[in-house]
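What follows is a short report on a single structure.
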Amino acid sequence: MGYSPNEASAAVSRCGIDAPLSELVDFISAAHLSKEADAEMDKLYFSSHPLQKDKKRKLPKEKSHSIKRYPKIERKRRDDDDDALHLPNPMIGFGVPRESFQVVSRTLRREAIGPPYFLYENVALTPKGVWNTIKSHLYEIEPEFVDSKFFCAAARKRGYIHNLPLNDRFPIQPLPPRSIFQALPATEKWWPSWDDREQLNCILTCVGSAQLTDRIRTALEKYDGVPDKHVKKYVMGQVKKWNLVWTGKNKVAPLEPDEIELIMGYPLYHTRGYSRSERYKGLGNAFQVDTVAYQLSVLKSLYPEGMNVLSLFSGIGGAEVALHKLGIPMKNVVSVEKSNVCRRIIEGWWEQTNQEGKLIHVSDVREVTDGKLEGWIRSFGGFDLVIGGSPCNNLAGGNRRTRDGLEGEHSSLFFDYVRILDTVKIIMGTT
DNA sequence: AATAAGATGAACAACGTT
DNA sequence: AACGTTGTTCATCTTATT
C-alpha cells in the first residue's frame, strides 16, 4: 500500500524538465489588437469570445441558417439578474503567450489605479454571484479569467482581479511543457491509445487511493488488448476525476509531489522535507507560477531596483517565486500565512535562493492592523505590490461539506484582503 | 500526536438534442 | 427555447496506521 521511496524517486525521473517544446494544443489564431478597450471588454465578457467566433468560422461545414449559435449566452443575457459573470471560452483572460489575441489597454477607475499595484486571485468556478461581490469590493475591476493549461500541463481555472498594466507582458523562460508526455515522458510507454488526454485536470489537495489503482488494474487485466466500451468509460472517468497517469502495465497512479512542483512552476523539492499530505495540500492550494508571473511581468521594467511586497495568504510562496523567476528583486516582503509548514517552506526557499531583501512573517491576517501597516509603510516607503489569493475552501467545487460561499468560515477572509488593501491605499495617500 | 488512506456528491458550465 | 447529457472541481471528515 502507499508509495515506496523507490516509486517516488522513479517518479522524479518521470519529469521531463528539459523536454523540448512543441505545439500540442490546437490553437486557433486570431489577430485582434483593439484600441477600444471598452469595446474589447464588452466583447470579452458580455458577448461570445472572439476566438470562439473564429473557431466556429473555421469549421468546414456550418449550418449558417442557424441563429442560435450561443443559446446559453443569449438566455443568460436575458434572464440573469447580473449575478452571473461570463467566463471567456477559451479561458485566456486578456491574453496568453503564443496567442495573438491580446487586450492591451483598459480603463480603470481613478481610485483603482496604482501604485500600489495589487493582484487578487481565487477559483473561477465559484457559486453564483461570488465574483460579482468580489468585483464590487475591488473597484469594479473586471476579473481576468485564465486557465493555466495555456501555461503548463495541467488545467487551473482561476480569476484574477488586478490593476496591472497589460502591455508588454512576457512569460517566464523557458516556457514549461504543456503536454503530459512532455511533462512526464516516462508515462508515454504505458499510455493506452484509447486514453486521449493531452493535458491534466486541476491539481487538487487530495489524490486518488491505492485501492482505486487496484480496482482499475483488476478491471483492465480481464482484457488482453483494448477493453470493453463500458470498462473504458469507467477507467477514463476515474483517471480524469482523480488526475491519474499511467506508470505501468494496467497501472495508474496519482502525481508525485515532485511532479506537481514542476507542473506548478516551483523549483524541484520546493516542498521537500514535509509529509506527503502537507506537500499535496500546499501545492494544491498554490498559484501556478507561470500564470501569475505573466501578469506580474509588466512590473519588471517599472521596478528595476526592486519592490516592496505585501503578500497575503502566501501559502508556499507562489507570488515570491514568480517575482524571483521574473528577475524582479524583492527589497522587503511582508508575508502573511497561517500555516507554519508553509511559512517554513518560504523561509527555506528565501535562504536557498540567497535573497538580499528582508522577509517579515506574520501568521494571521487579523494581526495586520492599521498600526502595523503604517509602521511598515513608513519604514519601507510604501508597498509597491499587494498580492494574494484568499481561501477558496468555501467556494471550491471539491468541497462537499461547506461550500457555502464568500461568507463561509475561511473564504470570508477575502474581506481582510479588502480591508488591508484599502488601508494601504489610504496610508499611502492614493485615494 | 502526526500521518496516511479512504469514503463522501453537488454545483455549475459546456455541449448536445429535440 | 427547453431540456437532457457530459464533464470538472485550490475539499472535509473519519478511521486506521505509524
Side-chain angles (χ1 to χ4, degrees), chain A residues 1-4 48-49 52 55-56 63 66-80 83-91 121-131 145 147-149 154-160 196-197 199-215 233 236-243 254 257 260 263-264 274-289 291-292 313-316 318 339-342 388-405 408-411 413-414:
Chain A
M1 245 46 101
Y3 304 93
S4 67
S48 59
H49 197 279
Q52 197 175 32
K55 195 174 174 182
K56 294 277 177 183
K63 314 202 169 173
S66 172
I67 317 260
K68 42 157 193 176
R69 289 165 99 184
Y70 310 105
K72 184 119 194 178
I73 294 167
E74 291 300 323
R75 188 161 69 231
K76 269 186 154 183
R77 293 189 64 175
R78 194 166 309 109
D79 291 353
D80 85 62
D83 66 339
L85 275 180
H86 179 229
L87 297 171
N89 183 14
M91 198 180 277
E121 177 263 8
N122 216 319
V123 293
L125 279 60
T126 63
K128 283 180 180 174
V130 167
W131 271 107
F145 292 106
D147 190 336
S148 293
K149 75 177 184 181
R156 202 169 187 81
K157 298 174 184 64
R158 295 294 180 269
Y160 306 86
D196 60 348
R197 290 177 297 164
Q199 291 187 295
L200 295 163
N201 280 336
C202 185
I203 306 287
L204 305 177
T205 55
C206 298
V207 294
S209 66
Q211 284 187 15
L212 177 58
T213 294
D214 289 340
R215 283 197 293 270
K233 189 174 179 182
M236 284 310 298
Q238 293 298 309
V239 299
K240 285 181 179 174
K241 182 173 185 179
W242 292 101
N243 233 2
I260 298 179
I263 290 173
M264 295 288 283
Y274 302 92
S275 73
R276 293 175 67 84
S277 313
E278 292 288 357
R279 297 180 74 184
Y280 280 127
K281 192 161 70 166
L283 288 162
N285 281 317
F287 286 165
Q288 204 290 322
V289 171
T291 311
V292 175
F313 315 104
S314 302
I316 60 173
S339 157
N340 47 17
V341 168
C342 287
S390 62
C392 67
N393 307 28
N394 309 115
L395 311 176
N399 189 341
R400 291 150 154 84
R401 306 264 187 152
T402 53
R403 194 187 188 188
D404 38 18
E409 181 186 355
H410 303 104
S411 294
L413 288 176
F414 160 73

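Residue numbering restarts at 1 for every chain, and letters A, B, ... go by the order of the sequence lines.
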*Using a cut-off of strictly less than 4.0 Å, decide whether A:Ser277 has a side-chain nitrogen or oxygen near OP1 or OP2 of B:dA4.*
yes
*State, to 0.1 Å, how close A:Met236 and A:Asp196 come at their nearest heavy-atom pair, and which atoms those are.*
CE-OD1, 4.1 Å
*Nearest-Å distance, CZ (A:Phe145) to C1' (C:dC10)?*
15 Å
_Consecutive-pair stems (at least three Watson-Crick or G-U pairs, under 3.5 Å) that include DNA chain B_ = B:1-8 with C:11-18, B:10-18 with C:1-9
_Interatomic distance, A:Leu125 atom CG to A:Cys392 atom SG [nearest 0.5 angstrom]_ = 12.0 Å
*asked:* Rounded to whole Å, how long is the line connecting atom CG of A:Asp147 with atom P of B:dA14?
replied: 12 Å
*asked:* Heavy atoms from C-beta onward define the side chain here; which of B:dT3, B:dA14, B:dC12 lies closest to that of A:Ser275?
replied: B:dT3
_I want to verify a distance call: between B:dG6, B:dT3, C:dC10, whose nearest atom is closest to the A:Arg156 side chain?_
C:dC10
*Taking only the side-chain heavy atoms of A:Trp242 (C-beta and beyond), determine which of B:dA14, B:dT8, C:dC10 contains the nearest atom.*
B:dT8
*Which nucleotide in the set C:dT8, B:dA7, C:dC10 lies at the smallest distance from any side-chain heavy atom of A:Arg215?*
B:dA7
*How many Å lie between CG on A:Asn201 and P on C:dT6, as a whole number?*
17 Å
*asked:* To check you understand the geometry: which heavy-atom pair defines the closest contact between A:Ala286 and A:Met264, and what is its length?
replied: O-CE, 3.4 Å
*Which part of the nucleic acid does A:Cys202 contact within heavy-atom distance under 4.0 Å: base, sugar-phosphate only, or nothing?*
sugar-phosphate
*Among B:dA7, B:dA14, C:dT6, find the nucleotide with the atom closest to the side chain of A:Lys233.*
C:dT6
_A:Asn340 CG to B:dA2 C1', straight-line distance once rounded to whole Å_ = 13 Å
*The side chain of A:Ser209 lies closest to which of these nucleotides: B:dG6, B:dA14, B:dT8?*
B:dG6
*Assign A:Ser148 to base, sugar-phosphate, or nothing according to its heavy-atom contacts below 4.0 angstrom with the strands shown.*
nothing
*Take A:Asn399 and A:Pro127, find for each the nucleotide of DNA chain B with the closest heavy atom, and name the residue whose nucleotide sits nearer the 5' end.*
A:Asn399
_Whether the side chain of A:Glu121 engages the backbone of A:Tyr160 through a donor-acceptor N/O pair (distance < 3.5 Å, no angle test) should be reported._
no
*Rounded distance in Å - CG (A:Asn89) to C1' (C:dG7)*: 14 Å
*What does A:Lys157 touch in the nucleic acid at a heavy-atom separation under 4.0 angstrom: a base, only the sugar-phosphate, or nothing?*
sugar-phosphate
_Student check: side-chain heavy atoms of A:Arg156 and A:Thr291 closer than 4.5 Å_ = no
*Return the nearest nucleotide to the side chain of A:Gln211; candidates are C:dC10, C:dC13, B:dG6.*
B:dG6
*Shortest non-hydrogen contact from A:Met91 to A:Phe145?*
CG-O, 3.3 Å
_What is the distance, to the nearest angstrom, from the CZ atom on A:Arg403 to the C1' atom on B:dC12?_
7 Å
*B:dT8 versus C:dC10 - spacing of their P atoms, nearest Å*: 22 Å
*With nearest nucleotides of DNA chain B determined for A:Glu278 and A:Thr126 from heavy-atom distances, which residue corresponds to the more 5′ nucleotide?*
A:Glu278
*Taking atom P of C:dT12 as reference, at what distance in whole Å does atom CG of A:Leu204 sit?*
12 Å
*asked:* Is A:Arg400 close enough to C:dC13 that one of its side-chain N or O atoms is under 4.0 Å from OP1 or OP2 there?
replied: no
*Calculate the interatomic distance between A:Leu395 atom CG and B:dA13 atom P; express it in whole Å.*
14 Å
_Minimal non-hydrogen separation, A:Leu395 against A:Pro127, with atom names_ = O-CD, 3.5 Å
*State whether the side chain of A:Ser390 and the backbone N or O of A:Ser411 hold a donor-acceptor pair below 3.5 Å, judged by distance alone.*
no
